[in-house]
2 protein chains.
Amino acid sequence: MRIGQLARSVGVDTQTIRFYEREGLLPPPDRQDNGYRIYTERHVERLAFIRRCRILELSLAEIHELQRYQGAPHQPCRAINTLLDDQIAHVQSQITDLQVLEKQLVSLRASCNDDREIEACGVLEGLSEGSMQ
Amino acid sequence: MRIGQLARSVGVDTQTIRFYEREGLLPPPDRQDNGYRIYTERHVERLAFIRRCRILELSLAEIHELQRYQGAPHQPCRAINTLLDDQIAHVQSQITDLQVLEKQLVSLRASCNDDREIEACGVLEGLSEGSMQ
DNA sequence: TAAAACTATATAGTCACTATAAGGTCAATA
DNA sequence: TATTGACCTTATAGTGACTATATAGTTTTA
Ligand SMILES: [Zn+2]
Ligand SMILES: [Zn+2]
Ligand SMILES: [Zn+2]
Ligand SMILES: [Zn+2]
């Protein structure tokens with residue numbers, strides 16, 4: 001199949017496919033005489049793997065790492081699980097940070113109603129004073 | 001004061017200060033004969049304002065918008081409050097997304113223990129199969 | 001006097017794409 | 001047959017908010 005069909009079947013842009021190839025995440029496919037890339041079913045699976053990893057917000061470097069592990073099937077999988085543990089910890093700390101942020105924003109928002117002049121806006125006042133960290 | 005002292009007093013890098021100046025967030029200060037930037041107390045306040053906004057993850061464009069509002073003190077402040085409401089909504093949706101992500105990651109992680117070979121790793125299996133969205 | 005610490009500008013790198021430009025290829029239509 | 005349109009190619013620049021590097025000039029300290 002050509003790049004457009006691969007793109008449609010996995011749900012990415014053709015540019016993204018070429019980008020992954022340049023980054024070494026997708027192996028360079030064979031070319032037709034006219035230079036067009038020709039992909040196989042294995043490329044579909046490989047690209048779908050990448051997208052599933054990206055949905056989980058693994059970085060391209062981490063995906064590369066996973067791909068290297070796939071090439072060494074008889075080694076212990078601890079490193080893979082650790083990679084996932086790290087990602088979980090990362091996501092959890094992001095959630096915690098955002099919850100703190102939300103509280104700050106809500107509290108700041110509560111310091112004003114909609115019927116003031118800008119010079120009396122509680123939000124702007126809160127941002128201008130050093131009361132925040 | 002010179003740029004280094006401003007940087008230390010607000011807790012940013014000198015490069016960041018020059019960057020904000022280029023981006024139009026900090027007014028260009030006077031210069032000494034040797035070309036060194038000289039800042040006043042007003043610059044300290046202005047920079048601290050920017051940093052407080054950045055802590056709340058407002059974009060530089062939004063901060064610019066707030067600065068424009070500060071120049072029109074007698075207009076109603078509704079737009080400022082709306083800007084904050086948008087930011088709150090944005091943060092809340094980020095939290096929701098991350099919570100979904102966390103669940104997916106934890107569930108994937110639960111499909112493997114540490115004592116397997118890579119070819120039998122439940123995590124890698126989960127990523128390779130189409131069972132995920 | 002020489003070294004350390006500071007300042008200046010300009011330019012490139014980060015991340016994972018996304019957009020744009022400028023052109024080559026192919027099948028179907030007027 | 002000419003041309004339209006959909007597809008493909010490469011190369012280059014832009015996104016956001018910095019951060020790093022290179023190169024050079026200035027001030028302060030030892
Ligand atoms: Zn084995
Ligand atoms: Zn207000
Ligand atoms: Zn007034
Ligand atoms: Zn495992």
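Reminder, nothing fancy here: chain letters follow the sequence lines and each chain counts from 1.
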Between P of C:dT7 and CD1 of B:Ile17, the distance in whole Å: 9 Å

CG of B:Asp33 versus P of C:dT7: gap in Å, rounded? 17 Å

Going 5' to 3' along nucleotides 13-27 of chain C, which nucleotides have protein heavy atoms under 4.0 Å from the base (write B), which only from the sugar-phosphate (write S), and which from neither (write -)? ---BBSBB---BBS-

Protein-nucleotide distance (A:Tyr39, atom OH; D:dC7, atom P), rounded to Å: 16 Å

May I ask you to verify if any side-chain N or O of B:Arg37 is less than 4.0 angstrom from the OP1 or OP2 atom of C:dT9? yes

Can you confirm whether more than 12 heavy atoms, excluding those of A:Arg54, are under 6.0 Å from its CZ atom? yes

Can you check the B:Leu6 CG to C:dT7 P distance for me, whole Å? 10 Å

Taking only Lys NZ, Arg NE, NH1 and NH2, and the carboxylate oxygens of Asp or Glu, determine whether B:Arg109 and B:Asp114 approach each other closer than 4.0 Å. yes

Taking all heavy atoms of A:Cys121 and all of B:Cys77, pick out the closest pair and write down the distance. CB-CB, 3.6 Å

Review item, side-chain donor-acceptor pairs of residues 94-103 of chain A, under 3.5 Å, at least two apart:
residue  : atom : partner : partner atom : Å
A:Thr96  : OG1  : A:Gln92 : O            : 3.0
A:Glu102 : OE2  : B:Gln92 : NE2          : 2.7

Side chain to side chain contact (heavy atoms under 4.5 Å, CB included) partners of B:Asn34, counting only residues at least two apart: B:Gln32, B:Tyr36

Specify the separation, in whole Å, of atom CZ of B:Arg18 and atom P of C:dC6. 13 Å

Please determine if B:Arg37 and B:Glu21 form a salt bridge, counting it only when a charged side-chain N lies under 4.0 Å from a carboxylate O. yes

Rounded distance in Å - CZ (A:Arg8) to P (D:dC8): 7 Å

